[in-house]
Amino acid sequence: MTEQDPANPANVVTRFAPSPTGYLHVGGARTALFNWAFARRHGGTFILRIEDTDQARSTPESTRRIIDDLRWLGLDWDHGPDATPGAEPYSSQIGPAGPYFQSQRQHLYQEHADRLIEAGRAYRCFKTPEQLKAERDQARREKRAYKYDPTEALGLSDSTIADYLSEGRPSVLRFRMPDTDITLNDAVLGDVTIKAAEMEDFVILKSDGFPTFHLANVVDDALMGVTHVLRAQEHLMNTPKHAALQDALGFARPTYAHMPLIFNPDGTKMSKRDKAKAARNAAKDRLKQTGQDVNTLAVSLAAETAVEAGALADFIEARNDDTDTATAIASAFGVPLPEIDVHDFRRSGYLPAVLLNYVALLGWSPGNDIERFDLDFLMQQFDIERIGKSNARFDRAKLLAFNTEAITALSPTSFHKRLIKHDEAEHHFRHALGDERFRMFADCYRERTRTLDEPFVNGRFFVTEDDALTYDPKAVKKVLEKNDGAGFAVLKALADPLQACDPWSIESIEQTITAYATEHDQNLGKVAQPLRVAVSGSTVSPPIYDTLTILGKDATMARIARCLALQPAAGLAAEST
RNA sequence: GGCCCCGUCGUCUAGUCAGGUCUAGGACACCAGGUUUUCAUCCUGGUAACACGGGUUCAAAUCCCGUCGGGGUCACCA
């Protein structure tokens, strides 16, 4: 009866352990979600642990971003950095096994490393990265499989090691792998055996004294009582190392479940690189168009972004793939970047629940043809047994369809609230329109938008200055100029009646327009389209009555007048065709 | 290249563990038609898959072997 009682699994402990080196990736979001769902399903504990042992790449800013994204997604954790808005995550932490930042747990890793040394399972290695690299290159040239050879390091006498250490020679601590095969019992993949000959002694303490991922991960999982580890399949080959470490340290092995990977639609890996690539292409297109050189472009870009010219030039010439630089360039050029991180989807106007729903379907399915579900459902239904084994491609079209459906199902109030939030973060239309008109704006887009962002892109014309509105030439030609300027004629005829509308409301405008249409025996489309082009500059807008109402009488009349001025002289129009 | 994992419609998947109910179901995409003042919705219908080859069996998408294909991993990154 030493087995865990499945009826009383309150001891389930899972964790999400990101390294703070950027935004939260969608793949990370799925990992977090599954670990969260599994813990919740079993009434267990979900931990957020920050793996910031890479001094060079970890930043506090990334930590904040990740926490912010998790909160936006609606995933909460029981132990870890305090998620209360305004709390300082590094100093305010919750839970009995903290701190939850690996950078603050140095002594624990040191202790366990010492234990391994005492047990003869770890040893110092003074080979430099350069030496190691040379050996690997050599092996490659000889078409041999490279494997670290511990003979030299193991042969060092205690006194030699002491001498080297007192000289200040840099060294790492390596773990002595057992010479037996290791069989993993993966909850998704089943038994996987790795031969002893395939595994080498790996570094557990870097020369800067920080632990590697392997040591820190294993020590923390054990000390925090983690029982189940759901992680991406790219970690599969790390698992024998972790198992060996656990065995050597006398830790129980948690249950591992390795999840399939998520790829781009074209099968390439979904990575931050994709954003850099897209931004770089935009910059290169610009260079081609203008014939500028890189530095000139970098200087002019630096003027309108927060990034300095040198960094921009480096980025464009592919010397770095910095995401913030990519974002800056893309927004300067007005080109979209592929959504990769949770934050990207947030900016694109996806609902957090939809993103989670979609991402859960990548590698997991509840069966029974169920596809739409929420966190509550996952909390009750999620299980490891139904995690798939094969990699998935991320299909934005399907995500968009889910989002469209979810937005349409939102109550007007809920949609309005969310639109305000999105506006505040990204657009500031409400400031320009005022509360009442913004409310109408929200109402008329609710049933015709696929994301929270589209209204602002498609409805740009609502906030443009009347005389700054640009007209789509194709729309002008098709709707206004065609048939000897029939569209212009409609506008001209409608100007006075519209001017006479009082009050300026959907009802009065509708009455005016339908009256005109009936009188002239025209269908509504023939009347609405010229108006639409006149006030919006294009053939697309919300229903025309709503559009005019939100715009207001002054703007409507000004735009009609301005549009009429576009009309070529009657004779010219006839000749030009 | 070594080792490891995977392989059902274009994509995500149900079905595989306990072989027959699968002339393989759903969703997204796509195509056709319809509703609609534009757009976005919405409605109806349709195209479309068990990677290939052997074997086991009365019976295989389901079990076994091989081939091919895809992916992961081979760091003082996590």
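Below, chains carry the letters A, B, ... as their sequence lines are ordered, and counting in each starts from 1.
- In the model, A/Gln102 has no side-chain atom that pairs as donor or acceptor with a side-chain atom of A/Arg105 under 3.5 Å.
- Candidate nucleotides B/rC6, B/rA78, B/rC12 were compared by shortest atom distance to the side chain of A/Lys389, and B/rC6 ranks first.
- Geometric assessment of A/Arg124 against the ring of A/Tyr164 yields a negative cation-pi assignment under the 6.0 Å and 45° thresholds.
- Using a 4.0 Å heavy-atom criterion, one finds that A/Arg396 contacts no nucleic acid atom at all.
- Between the P atoms of B/rC9 and B/rC5, the separation comes to 22 Å (whole Å).
- Neither OP1 nor OP2 of B/rA40 sits under 4.0 Å from any side-chain N or O of A/Thr408.
- Pairs engaging residues 266-276 of chain A under the side chain to side chain donor-acceptor pair (under 3.5 Å) rule: A/Asn264-A/Thr268, A/Asn264-A/Asp274, A/Asp266-A/Thr268, A/Arg273-A/Asp321, A/Lys275-A/Asp341, A/Lys275-A/Asp344 [sequence neighbours left out].
- Using the Watson-Crick or G-U wobble rule with both distances under 3.5 Å, B/rC52 pairs with B/rG66.
- A/Thr539 comes within 4.0 angstrom of a nucleotide base, judged by non-hydrogen atoms across all strands.
- A distance of about 39 Å separates the P atoms of B/rG15 and B/rG34, rounded to the whole Å.
- In this structure, the side-chain contact (heavy atoms from CB on, under 4.5 Å) partners of A/Val463, at least two apart in sequence or on a different chain, are A/Phe429, A/Ala432, A/Leu433, A/Arg460.
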- Message: Could you go through A/Asn35 and A/His228, starting from their C-alpha distance and side-chain angles, then the distance that decides it, and tell me whether this counts as side-chain hydrogen bond (donor to acceptor under 3.5 Å, both in side chains)?
- Response: CA-CA 8 Å; A/Asn35 280 287; A/His228 298 261; over 6 Å; no

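- Residue-level contact check: A/Ala392 touches the backbone only, with heavy atoms under 4.0 Å from sugar-phosphate atoms and none from bases.
- Nucleotides B/rC64 and B/rC42 place their P atoms 43 Å apart, quoted to the nearest Å.
- A salt bridge links A/Arg176 to A/Asp201: one of the charged nitrogens lies within less than 4.0 Å of a carboxylate oxygen.
- Rounded to the nearest Å, the gap between the C1' atom of B/rC63 and that of B/rG20 is 14 Å.
- In this structure, A/Arg124 does not reach the B/rC76 phosphate: none of its side-chain N or O atoms is under 4.0 Å from OP1 or OP2.
- Atom CD of A/Glu510 and atom P of B/rU38 are 15 Å apart (whole Å).
- Residue-level contact check: A/Pro543 touches the bases, meaning some heavy atom is under 4.0 Å from a base atom.
- Across the strands present, B/rG2 finds its partner in B/rU73; the criterion is a Watson-Crick or G-U wobble pair with both atom distances under 3.5 angstrom.
- Remark: the separation of the C1' atoms in B/rC52 and B/rG69 is 10 Å, to the nearest Å.
- Rounded to an integer number of Å, the gap from A/Asp191 CG to B/rC5 P is 10 Å.
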- Task: Treat primed atoms plus P, OP1 and OP2 as sugar-phosphate and everything else as base, then score nucleotides 46-53 of chain B 5' to 3': B for base contact with protein heavy atoms under 4.0 Å, S for sugar-phosphate contact only, - for none.
- Result: --------

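- For residues 207-217 of chain A, there are no salt bridge (charged side-chain N to carboxylate O under 4.0 Å, His left out) pairs, not counting sequence neighbours.
- Not counting sequence neighbours, the partners of A/Ala244 by the side-chain contact (heavy atoms from CB on, under 4.5 Å) test are A/Phe175, A/Met177, A/Pro178, A/Ile182.
- A/Lys147 pairs by the salt bridge (Lys or Arg N to Asp or Glu O under 4.0 Å) definition with nothing, not counting sequence neighbours.
- Residue-to-nucleotide proximity on RNA chain B shows that, of A/Glu198 and A/Pro542, the 5′-proximal contact is made by A/Glu198.
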Could I get a table of every N or O pair under 3.5 Å where one atom is in the protein and the other is in nucleotides 72-75 of chain B?
from, atom 1, to, atom 2, distance (Å)
B/rA75, OP2, A/Arg136, NE, 3.0

- Footprint string (nucleotides 16-36 of chain B, 5' to 3'): B base within contact, S backbone only, - free, heavy atoms under 4.0 Å: ---------BBBSS-------

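- Taking atom C1' on both B/rC31 and B/rU13, the two are 22 Å apart, rounded to the nearest angstrom.
- Using a 4.0 Å heavy-atom cutoff across all strands shown, A/Lys143 reaches no nucleic acid atom at all.
- Distance check on atom P: B/rU21 versus B/rU67 gives 31 Å, rounded to whole Å.
- Among the atoms of the strands shown, base atoms are found under 4.0 Å from some heavy atom of A/Lys127.
- Annotation: B/rC76 and B/rG19 have their P atoms spaced 48 Å apart (nearest Å).
- Note on A/Ser207: a base of the nucleic acid sits closer than 4.0 angstrom, heavy atoms only.
- For A/Val540, the listed nucleotide lying nearest its side chain is B/rC39; candidates were B/rC4, B/rC39, B/rU37.
- The stretch residues 445-456 of chain A comes close to RNA chain B through A/Glu447, A/Arg448, A/Arg450, each having a heavy atom under 4.0 Å from the strand.
- Nearest-nucleotide assignment on RNA chain B puts the 5′-proximal partner with A/Arg393, out of A/Arg393 and A/Val172.
- In terms of the salt bridge (Lys or Arg N to Asp or Glu O under 4.0 Å) criterion, A/Asp186 has no residue partners (sequence neighbours excluded).
- Whole-Å rounding puts the A/Asp546 CG to B/rC39 C1' distance at 13 Å.
- Because its NZ or CZ atom is not both nearer than 6.0 Å to the ring centre of A/Phe263 and within 45° of the ring axis, A/Arg393 does not count as a cation-pi partner of that residue.
- If you check every strand for non-hydrogen atoms under 4.0 Å, A/Thr53 touches sugar and phosphate atoms only.
- Residues forming a side-chain contact (heavy atoms from CB on, under 4.5 Å) with A/Lys398 (at least two apart in sequence, or on another chain): A/Tyr358, A/Glu371, A/Asp395, A/Phe402.
- A/Asn391 places a side-chain N or O within 3.5 Å of a backbone atom of A/Leu261 that can act as its donor or acceptor partner.
- Judged as a side chain to side chain donor-acceptor pair (under 3.5 Å), the pairs with a partner in residues 16-29 of chain A (not counting sequence neighbours) are, in order, A/Tyr23-A/Arg65.
- One can place CG of A/Leu548 at 16 Å from P of B/rU37, the figure rounded to the nearest angstrom.
- Regarding A/Met270, its CE atom lies at a distance of 16 Å from the P atom of B/rU11, rounded to whole Å.
- Looking at A/Tyr471, its side chain does come within 3.5 Å of a backbone N or O of A/Ala534 through a donor-acceptor pair.
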- Stepwise side-chain contact (heavy atoms from CB on, under 4.5 Å) test for A/Tyr516 and A/Val527: CA-CA 8 Å; A/Tyr516 173 88; A/Val527 184; 4.0 Å; yes

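- Residues A/His214 and A/His242 have side chains that bring a donor and an acceptor to within less than 3.5 angstrom of each other.
- Contact annotation for A/Pro265: no contact, since no heavy-atom pair falls under 4.0 Å across all strands.
- Distance from the side chain of A/Arg386 is smallest to B/rG15 among B/rC3, B/rG15, B/rA78.
- Among the heavy atoms of the strands lying under 4.0 Å from A/Ser541 is at least one base atom, whether or not backbone atoms are also near.
- Heavy atoms of A/Gly267 sit nowhere under 4.0 angstrom from any nucleic acid atom.
- Of the nucleotides present, B/rA32 is the one that pairs with B/rU44 by Watson-Crick or G-U wobble criteria, both distances under 3.5 Å.
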